[in-house]
Amino acid sequence: MTKEQVDQLISANVDKIAPEYVETIRQRLLDADEGAAQAAFASLKGTTMMTIIAWLLGCYGVDRFMLGQVGLGVAKLLTCGACGIWAIIDIFTASGRTKKYNAEKILSSL
């Protein structure tokens, strides 16, 4: 991909990617073809939606299941979000966890 295409793709999705991964993703995108890059960015999870899910269904571990953290999702489900404390903490950390998940998903597909 060209530098302009990479910059455009990253700037369109910068709110869904953890900042510490942006440069690594930029370097991998420069070496990737356009189809692979578009596929990598096609199914990113939105940070706002994950925060809402953590708020509404956090006690059941749905937010953890959606981010591929099955073990933590089961633990959260069985403990009802550790009596609500874990669920409250996850409401505030859902955005950061989602950005990290998206970045790792992009890097694994490139």
Side-chain angles (χ1 to χ4, degrees):
M1 291 182 66
T2 66
K3 186 178 182 322
E4 293 79 27
Q5 289 173 322
V6 170
D7 290 339
Q8 183 181 14
L9 190 59
I10 288 178
S11 65
N13 294 289
V14 73
D15 60 328
K16 296 179 182 178
I17 304 169
E20 60 268 15
Y21 290 93
V22 171
E23 286 305 315
T24 307
I25 292 171
R26 184 182 313 274
Q27 293 303 318
R28 293 229 186 136
L29 284 173
L30 288 171
D31 297 332
D33 65 345
E34 190 172 346
Q38 293 295 337
F41 282 86
S43 62
L44 298 180
K45 302 205 182 304
T47 56
T48 305
M49 182 55 69
M50 287 304 296
T51 302
I52 292 170
I53 289 170
W55 177 260
L56 297 175
L57 301 170
C59 285
Y60 304 112
V62 174
D63 55 326
R64 295 289 182 160
F65 285 117
M66 289 184 69
L67 296 179
Q69 300 171 334
V70 177
L72 290 174
V74 169
K76 197 172 173 184
L77 176 64
L78 294 175
T79 63
C80 287
C83 297
I85 295 169
W86 188 1
I88 292 170
I89 292 169
D90 276 356
I91 291 169
F92 296 103
T93 62
S95 178
R97 286 184 291 114
T98 305
K99 288 179 180 183
K100 184 177 178 183
Y101 170 81
N102 286 337
E104 289 172 353
K105 186 174 179 181
I106 291 168
L107 288 173
S108 69
S109 64
L110 289 178

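All residue numbers in this chain count up from 1 along the given sequence. The model shown is predicted, which means the values in this text are computed figures rather than measured ones.
- Residue pairs satisfying the salt bridge (charged side-chain N to carboxylate O under 4.0 Å, His left out) criterion with at least one member in residues 100-110, sequence neighbours excluded, are absent.
- The shortest heavy-atom contact between Gln8 and Ser11 is O-OG, 3.0 Å.
- Among pairs with a residue in residues 39-59, none fulfils salt bridge (charged side-chain N to carboxylate O under 4.0 Å, His left out), at least two apart in sequence or across chains.
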Sequence neighbours excluded and cut-off under 3.5 Å, please list the side-chain donor-acceptor pairs for residues 50-62, or say none.
residue : atom : partner : partner atom : Å
Thr51   : OG1  : Thr47   : O            : 2.9

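- Listed by first then second residue, pairs satisfying side-chain hydrogen bond (donor to acceptor under 3.5 Å, both in side chains) with a partner in residues 30-39 read Gln5-Glu34, not counting sequence neighbours.
- Remark: Asp7 pairs with Lys3, Arg26 by the salt bridge (charged side-chain N to carboxylate O under 4.0 Å, His left out) rule, at least two apart or across chains.
- Chaining together hydrophobic side chains whose heavy atoms lie under 4.5 Å apart places Leu107 alongside Met1, Val6, Leu9, Ile10, Ile17, Tyr21, Val22, Ile25, Leu29, Leu30, Phe41, Leu44, Ile106, Leu110.
- Within 6.0 Å of CD1 on Ile85 lie no more than 12 heavy atoms contributed by other residues, nucleotides or ligands.
- Within the structure, every pair that satisfies the side-chain hydrogen bond (donor to acceptor under 3.5 Å, both in side chains) test and touches residues 64-87, not counting sequence neighbours, is listed here: Asp63-Lys76, Arg64-Gln69, Arg64-Asp90, Lys76-Asp90, Trp86-Asp90.
- A distance of 11.5 Å separates OG1 of Thr98 from CG of Asp15, quoted to the nearest 0.5 Å.
- The salt bridge (charged side-chain N to carboxylate O under 4.0 Å, His left out) pairs that include a residue from residues 46-57 number zero, where partners must be two or more places apart or lie in different chains.
- There is no path of hydrophobic side-chain contacts, each under 4.5 Å, that joins Met66 to Val74.
- Every residue two or more places apart in sequence or in another chain was checked for a side-chain hydrogen bond (donor to acceptor under 3.5 Å, both in side chains) with Lys16, and none qualifies.
- Clustering ILVMFWY residues whenever any of their side-chain heavy atoms sit less than 4.5 angstrom apart, transitively, puts Ile91 in a cluster other than the one holding Phe65.
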